[in-house]
Amino acid sequence: LFFRPVSKVFGRPGHAYAPLLATGCAFSFLLAAIKADGWGSYSWFSAYAPLFCTTALGLYIALIVALRCASERVDAPLWPLLWHCLLLQFLIVLCYLLEDTDGTTTLTPVNVSSTIFVLLVILFYRSVVPNT
């Protein structure tokens, strides 16, 4: 019952959320490992590795679907491709911002949050406009 509205907005069936749940658990564990000083030295990129893998896999699948639809001359839904590209860009920029401890980067939190704003606009458009 819970997955039906979420599935309608995101365009995925309910069983597709199990890998995302596993990724979230792995990310939470690695984030706790960074915050705990006694667990060794982990970088932010290693903590975000499960999210990178899940997003890159989604981008790969969206690219295959878009290319297959283009080869068959069928209109492909390009929003998943755009969604995964922007999400991967957000994760990379966020990691660069978090890794900078000496203040040498020119990245600001506005640079990071601008990608999330575009993602939210896309999500809003998908949820309001039918059949997109």
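As the structure is a computational prediction, the values presented were derived from the model and not from experiment.
- In this structure the side chain of Phe52 reaches within 4.5 angstrom of the side chain of Ile92, judged on heavy atoms.
- Following chains of ILVMFWY side-chain contacts shorter than 4.5 Å, one can reach Val112 starting from Ile116, so the two form part of one hydrophobic cluster.
- Sorted by first then second residue, the side-chain hydrogen bond (donor to acceptor under 3.5 Å, both in side chains) pairs that include residues 108-119, not counting sequence neighbours, are Thr108-Asn111.
- Separation of atoms CG (Leu51) and CZ (Phe45) is listed at 13.0 Å; rounding is to 0.5 Å.
- Residues Leu123 and Trp83 are in side-chain contact: their nearest non-hydrogen atoms beyond the backbone lie under 4.5 Å apart.
- Partners of Phe124 under the ring-ring contact (aromatic ring centres under 6.0 Å, His included) rule, at least two apart in sequence or in another chain, do not exist in this structure.
- Note that CG of Leu67 is 11.5 Å distant from CD of Glu72, once rounded to the nearest 0.5 Å.
- Glu99 contributes atom CD, which lies 7.0 Å from atom SG of Cys95 (distance to the nearest 0.5 angstrom).
- Note on Leu91: it does not cluster hydrophobically with Leu57, by side-chain heavy-atom contacts below 4.5 Å among ILVMFWY residues.
- Note that CG of Leu87 and OG1 of Thr55 are 4.0 Å apart. Values are rounded to the nearest 0.5 Å.
- For Tyr96, the OH atom sits in a loose shell: 12 or fewer heavy atoms of surrounding residues, nucleotides or ligands are nearer than 6.0 Å.
- A single hydrophobic cluster is seen to contain both Leu97 and Leu86, as judged by linkage of ILVMFWY side chains at heavy-atom distances under 4.5 Å, directly or through other members.
- At a threshold of 4.5 Å between non-hydrogen side-chain atoms, the residues Leu94 and Leu98 count as touching.
- Checked against ring-ring contact (aromatic ring centres under 6.0 Å, His included), Tyr60 has no partners two or more places apart in sequence or in another chain.
- By the rule that hydrophobic residues join a cluster once side-chain heavy atoms approach within less than 4.5 Å of another member, Leu88 and Val93 end up as members of one cluster.
- Using a 4.5 Å heavy-atom cutoff, the side chains of Leu30 and Tyr48 are not in contact.
- Closest approach of His84 and Ala62 over heavy atoms only: CD2-CB, 4.3 Å.
- Of the inter-residue distances, the one linking Ile64 atom CD1 with Leu81 atom CG reads 11.5 Å to the nearest 0.5 angstrom.
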